[in-house]
There are 2 protein chains.
Amino acid sequence: MTNKRSLSEEPRSYHHGDLRKALLEAAVQLIEARGLDAVSVREVAKMTGVSPGAPFRHFATRTALLTAVAEEAIDRLTGEINLSLQAAADENPLLQFRAIGVGFLRWVFANPTHFQVISTRAVINFEGSTLRQRNDVIRTKMTVLMQQAAAAGLLRTGDVGRHQIAARALVYGLGRMYIDGQFPSWELNEREALGESIVILDQFISSIRA
Amino acid sequence: MTNKRSLSEEPRSYHHGDLRKALLEAAVQLIEARGLDAVSVREVAKMTGVSPGAPFRHFATRTALLTAVAEEAIDRLTGEINLSLQAAADENPLLQFRAIGVGFLRWVFANPTHFQVISTRAVINFEGSTLRQRNDVIRTKMTVLMQQAAAAGLLRTGDVGRHQIAARALVYGLGRMYIDGQFPSWELNEREALGESIVILDQFISSIRA
DNA sequence: ACCTGAACACCGTTCAAGT
DNA sequence: ACCTGAACACCGTTCAAGT
């Protein structure tokens, strides 16, 4: 808040100190308030008090702006998953694997619009960013835990790699069904949705457990 | 093709005979060729050879146009599922339930952009259309089959309703992961994706079978 | 170095006027 | 009844010009 403006003047000039950051914050606000489609570079510029062309000094395209939002978002998602993993640090590998799913679901249901930004490829530049690598960190953890679970004889039958994809598709599907508005169809209101989703995950975990 | 134009004239006038249909076809072409975001009412009008305002005589908004596309799409999806169900007519309820999933996956992997139109609520008017009812037809079938499977002692433990949601979330998640470009992460190329997805579904079905 | 503000080629949507 | 074509208020993006 208190930076480069040399003296006590109104914040009316074109010095934000950190326009980049201000633009990202405005974009997040706009997503939260009016949805992903409502995010226009011009509106974000207006909210930040700069001219329509100014954001392009910091983000080459609208996609680049939203990709930056997605990178922030995936960091927070990873954080939530790590919290959940820590809380399960003393459990067996299968329950740690489950904890990843729980962390994912918690974050998605608490931050639906951020999940939308991460998961909707049309709106971000997944490859030309750090998103793939950040995603891979989580996936690698899942793989390791699944293999440990198999090695420890915790799993029933079936292919381990496919159990892993199934688990991923299950929680991803639950999250997408939520943001795609498919839960009302299933006679679940949104308040129960997270709890139900965790129960469903647990039932899946049970069904693959030895 | 041969209708209201009274005599042999160039099709240059504003009589398409069925402009509504022509607009829908153009929209589908555009989605197929350049993706959902590329669908603008103006472009669809241009492809059909009419003025920018003409489509609004048939579809009140861009959303209404895409909702009509979605209604067509869900009919084809239902058709594919029914085909799959017929092929499994002699099987037990659990395998018929599986057949719904297989039909869904087949259709999604063959028509990814149509699936995107159906599933992306932001772009269509789900409630103000017949989409919910058409969706309910399939869901009701799933519910009936699941209950029959339970009654016939075909299921292992767990809550039947939750197995049903899990199955739905699993195939929905696989479909969305596909159109969201998440399969490369899982070291699956797109050609193998359908086959793998069916194997994963089968593994899930196995895990809930008695 | 960073931002302004005009400009360009697009949008969705409306509506008087034409046939 | 159905379509045209101009108009309005928006877009994303570029770029000379200002500070």
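Throughout, protein chains are lettered first and strands after them, A, B, ... in sequence-line order, and every chain is numbered starting at 1.
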Could I get a table of every N or O pair under 3.5 Å where one atom is in the protein and the other is in nucleotides 12-16 of chain D?
unit_1, atom_1, unit_2, atom_2, d
dG12(D), OP1, V41(A), N, 2.8
dG12(D), OP2, V41(A), N, 3.0
dG12(D), OP2, R42(A), N, 3.1
dG12(D), N7, R42(A), NH1, 2.7
dG12(D), O6, R42(A), NH1, 2.7
dT13(D), OP2, R62(A), N, 2.6
dT13(D), O4, R42(A), NH1, 3.3

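For the pair Q96(B) (side chain) and E91(B) (backbone), a donor-acceptor distance under 3.5 Å is present. T61(B) contributes a side-chain N or O that, together with a main-chain N or O of A64(B), makes up a donor-acceptor pair within less than 3.5 Å. For D180(B) (side chain) and Q182(B) (main-chain N/O), no donor-acceptor pair under 3.5 Å exists by modelled atom type. N111(A) places a side-chain N or O within 3.5 Å of a backbone atom of W107(A) that can act as its donor or acceptor partner. Within the 3.5 Å criterion, the main-chain N or O of V117(B) finds no donor-acceptor partner in the side chain of T120(B). Using modelled atom types, one side-chain atom of T143(B) and one backbone atom of R139(B) make a donor-acceptor pair closer than 3.5 Å. Proximity of a side-chain donor or acceptor of T113(A) to a complementary backbone N or O of I31(A) within less than 3.5 Å is not detected. Using a distance-only test at 3.5 Å, with no hydrogens or angles considered, no donor-acceptor pair links the side chain of S84(B) to the main chain of E80(B).
Note: F109(B) and F104(B) fail the aromatic proximity criterion, with ring centroids not under 6.0 Å apart.
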Point to revise | Under the 3.5 Å Watson-Crick or G-U criterion, the dot-bracket string of DNA chain D, with | for inter-strand pairs | key: ||.|||||...|||||.||
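For the pair D18(B) CG and dC2(D) C1', the interatomic distance rounds to 13 Å; values are reported in whole Å. Computed from coordinates, the R20(B) CZ to dC3(D) P distance equals 13 Å when rounded to whole Å. To the nearest angstrom, P of dC3(D) lies 19 Å from NZ of K46(B). Distance D37(B) CG to dC11(D) P: 16 Å, rounded to the nearest Å. At whole-Å resolution of the value, CE in M47(B) and C1' in dC11(C) are 17 Å apart.
Against DNA chain C, the stretch residues 23-34 of chain B makes no heavy-atom approach under 4.0 Å.
With hydrogens and angles left out, the side-chain atoms of S40(A) and R62(A) include no donor and acceptor closer than 3.5 Å.
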**Study point:** Steps toward side chain to side chain contact (heavy atoms under 4.5 Å, CB included) verdict (Y172(B), V108(B))
**Key:** CA-CA 9 Å; Y172(B) 189 82; V108(B) 167; over 6 Å; no
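In this model, the phosphate group of dC3(D) is approached by a side-chain N or O of H58(B) to a distance below 4.0 Å at OP1 or OP2.
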